[in-house]
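Below: the structure, in structure tokens.
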Protein chains: 2
Amino acid sequence: MSAVTLSQVARQAGVSLATASRVLNGSDRRPAEEIAERVRLAAETLGYVANAQAQALARSTTGLVGLVVHDIADPYFSSIAKGVQRRARTHRHQLLLAATSGTDQLDAVSAFAAHRTDAIIMAGSRRESIDPRLLAELERYQRNGGRVVTIGQDWLEGAGAVTIDNRSAGSDLTGMLVEAGRTRFAFLGGPDDLTTAAERRAGFRAALTRAGLAAEVETVHGFDSEGGYESVRDLVARVGAEGLRGLTLVAANDVMALGAIAALRHAGLHVPEDLWVAGFDDIPNLRDFAPGLTTVRFPLEEIGETAADIALSGDAPRVEHVVGELVRRESA
Amino acid sequence: MSAVTLSQVARQAGVSLATASRVLNGSDRRPAEEIAERVRLAAETLGYVANAQAQALARSTTGLVGLVVHDIADPYFSSIAKGVQRRARTHRHQLLLAATSGTDQLDAVSAFAAHRTDAIIMAGSRRESIDPRLLAELERYQRNGGRVVTIGQDWLEGAGAVTIDNRSAGSDLTGMLVEAGRTRFAFLGGPDDLTTAAERRAGFRAALTRAGLAAEVETVHGFDSEGGYESVRDLVARVGAEGLRGLTLVAANDVMALGAIAALRHAGLHVPEDLWVAGFDDIPNLRDFAPGLTTVRFPLEEIGETAADIALSGDAPRVEHVVGELVRRESA
DNA sequence: TTGTACGCGTTATCAA
DNA sequence: TTGATAACGCGTACAA
């Protein structure tokens with residue numbers, strides 16, 4: 001990656017390095033227009049492209065934001081990423097993306113720290129037991145002046161956050177379904193080690209208890225479409241396909257719900273004729289899905305935007321709380 | 001972003017900067033183990049994190065790859081991104097992501113060039129008329145030693161590419177449907193300015209011509225779910241819902257097909273009872289969709305992986321060609 | 001093997 | 001306003 005340097009431009013324009021810097025890469029001091037024009041011309045003809053690395057070193061700020069997600073191909077995360085990306089752009093920052101499916105979040109954060117990103121946004125679902133080394137790394141990052149924003153829960157001291165009210169979402173959704181006359185429930189859950197999954201399940205249980213009910217079954221599988229699919233196979237194995245009739249399946253998120261509905265279909269059961277299914281998130285591609293999925297909407301892109309704003313604004317890091325909105329469709 | 005520097009570590013360990021550098025950030029020269037241990041200890045207690053910017057400046061290589069996509073929330077692009085991300089990781093590179101929905105690709109490439117990414121992967125669909133400034137920027141980037149890989153078409157001289165055989169896909173798919181006895185066709189297309197959309201349409205037409213048939217209608221709308229939805233509304237407005245019965249709708253990609261099916265449902269038409277629909281790509285979330293969508297599969301994650309391999313391997317840039325695989329499901 | 005010193009490309013301070 | 005020049009943090013010939 002050789003390239004034209006600023007001093008080459010300066011020489012060509014017959015000015016000093018400092019002057020060239022001032023006209024090409026903003027400064028408060030404004031060189032004379034005639035000089036400026038000469039520099040711009042030289043830069044243009046030479047094909048000068050400022051070296052962001054060198055600028056970062058000199059300015060001690062990189063114009064980089066790091067985003068760590070669990071799986072960028074999951075619509076939940078890609079929607080958030082889209083929001084983050086958009087705002088990063090308006091804040092004139094570039095997006096460094098790390099996916100951690102199967103991998104350590106620690107590696108991603110270390111890499112971001114090494115690259116001196118101005119901020120790190122953690123969108124990967126927090127796990128109940130946080131790796132202490134990850135915590136230490138993030139704290140050191142903050143001490144060095146880096147900003148951190150967590151999405152989902154507010155689990156890092158001194159960091160900003162966009163918290164998602166999963167517990168209320170779980171209990172509101174379930175409460176609504178109880179009021180709609182449903183009495184038999186099952187929960188298709190992700191690993192409870194995942195806070196998001198655990199909180200939604202807790203809300204679900206609370207609502208049932210309040211109504212004097214109890215879940216007939218609860219499963220624990222992957223937090224993705226595959227997990228939803230397996231959950232249903234699990235259920236079928238336990239109580240048989242016929243045993244599922246009349247049941248209301250609350251899945252820990254939309255992709256699980258879609259996977260579940262697919263599995264039900266393969267088992268010869270139809271939603272909402274034979275049983276009901278609901279999810280969480282209201283991911284974008286739901287619109288094209290039939291039956292329409294009853295869910296709790298979280299404005300994912302907006303959440304990403306807010307996280308980026310908190311990360312990149314000069315203000316003190318704040319915590320923004322997001323509550324879900326019940327979306328009743330045909331599936332439940 | 002203040003942080004512990006290498007010289008602080010060196011001083012603490014009582015060694016020279018050079019020695020510290022050698023033990024902490026790989027080198028062929030191997031300091032004595034006793035010394036090395038002292039340096040490592042100092043680094044550990046001080047909380048040293050190498051400054052990637054400074055290293056980049058000194059090594060003149062950044063360990064960054066740039067990926068430009070059109071819309072990261074689109075499953076087509078997010079699948080590719082997942083593949084690129086995975087391989088970037090194995091090549092020990094960080095991923096710089098830019099989305100260009102509504103925006104200029106030129107901005108993204110310029111930013112990547114400024115950040116001296118070792119390579120740039122262009123996944124955004126090429127437009128028929130390429131902005132000459134974009135071309136110039138990419139060519140300069142290549143002259144400076146940057147590697148470029150395009151996905152879709154091979155449109156940049158000297159660059160690597162993963163080409164996608166859209167034309168054959170269009171004609172093979174259509175040919176298969178003709179053989180299945182379909183005689184009445186419509187194409188739900190994206191703007192022909194998009195090469196991908198145009199090529200698929202061309203293949204579609206060629207197959208029909210070969211069979212002595214012709215499309216009854218062709219539409220031009222957005223290359224996304226919304227566009228598919230509107231295409232159907234468009235069709236309904238032209239020929240009425242009843243007029244669509246018996247038609248086979250070939251959409252320019254899967255998300256358009258899904259949008260179309262949703263619109264058909266809203267118009268009271270059912271697939272595959274009343275008419276048929278097919279798409280392209282075989283995006284991952286299709287599995288949960290009913291009816292199963294007939295499509296042409298392109299291994300998106302794998303395409304992303306290949307692109308990253310070409311970009312990051314030391315070998316001369318090569319062009320890899322990908323042909324689709326027909327996937328017959330219930331929808332057509 | 002270890003250390004010295006220069007270069008990487010910019011910004012910013014301080015004189016002129 | 002313009003121009004030297006010292007950082008910025010690190011890698012690496014070169015010398016010791």
| Given that A:Leu17 and A:Ala32 both sit by DNA chain D, which one's nearest nucleotide is further toward the 5' end? | A:Ala32

| query | Distance check: side-chain N/O of B:Ser16 vs OP1/OP2 of C:dG3, anything under 4.0 Å? | reply | yes

| message | Using whole Å, what does the distance between atom C1' of nucleotide D:dG9 and atom OH of B:Tyr48 come to? | response | 8 Å

| task | Using a cut-off of strictly less than 4.0 Å, decide whether B:Ser21 has a side-chain nitrogen or oxygen near OP1 or OP2 of D:dC10. | result | no

| Closest approach of B:Gln53 and A:His115, non-hydrogen atoms and distance? | NE2-O, 2.7 Å

| field | Contacts of B:Arg89 that satisfy salt bridge (charged side-chain N to carboxylate O under 4.0 Å, His left out) - sequence neighbours left out | value | A:Asp107

| remark: With sequence neighbours left out, the residues meeting side-chain hydrogen bond (donor to acceptor under 3.5 Å, both in side chains) with B:Asp104 are none

| If you look at every strand shown and take non-hydrogen atoms under 4.0 Å, does A:Ala56 touch a base, only sugar-phosphate, or nothing? | nothing

| request: State plainly whether the residues B:Arg147 and B:Asp118 are in salt-bridge range, i.e. N to O under 4.0 Å. | output: no

| query | Side-chain donor or acceptor of A:Arg22 under 3.5 Å from a matching atom on the base of D:dG3? | reply | yes

| Rounding to a whole Å, what distance do you find between A:Arg59:CZ and D:dA6:P? | 22 Å

| task | Would you tell me if any nitrogen or oxygen in the side chain of B:Gln55 comes within less than 4.0 Å of OP1 or OP2 on D:dG11? | result | yes

| field | Sub-4.5 Å side-chain heavy-atom contact between B:Tyr141 and A:Val49 | value | no

| Rounded distance (Å) that lies between atom C1' of D:dG9 and atom CG of B:Leu46 | 15 Å

| Does A:Ser60 have a side-chain nitrogen or oxygen under 4.0 Å from the phosphate oxygens OP1 or OP2 of D:dC8? | no

| Expressed in angstrom and rounded to an integer, what is the separation of B:Ile35 atom CD1 from C:dT1 atom C1'? | 9 Å

| field | Residues touching DNA chain D, which here means a heavy atom under 4.0 Å, drawn from residues 6-15 of chain B | value | B:Leu6

| note | Taken to the nearest whole Å, CG/A:Leu57 to P/C:dA12 is 12 Å

| message | I'd like to know if the side chain of A:His321 pairs up with that of A:Thr163 as donor and acceptor (distance under 3.5 Å, no hydrogens or angles considered). | response | yes

| note | Per atom distances to the B:Ala18 side chain, the nearest of D:dT12, D:dC10, D:dG3 is D:dT12

| Whole-Å distance between C:dT11 P and A:Leu24 CG? | 9 Å

| query | What is the distance from CD of A:Glu33 to P of D:dT2, rounded to the nearest Å? | reply | 10 Å

| field | Non-hydrogen side-chain atoms of A:Ile303 and A:Val322 separated by less than 4.5 Å | value | yes

| task | Figure out the NE2/C1' separation between B:His115 and C:dG9, and round it to whole Å. | result | 14 Å

| request: Compare side-chain N and O positions of B:Asn51 against OP1 and OP2 of D:dC8 and report whether any pair is under 4.0 Å apart. | output: no

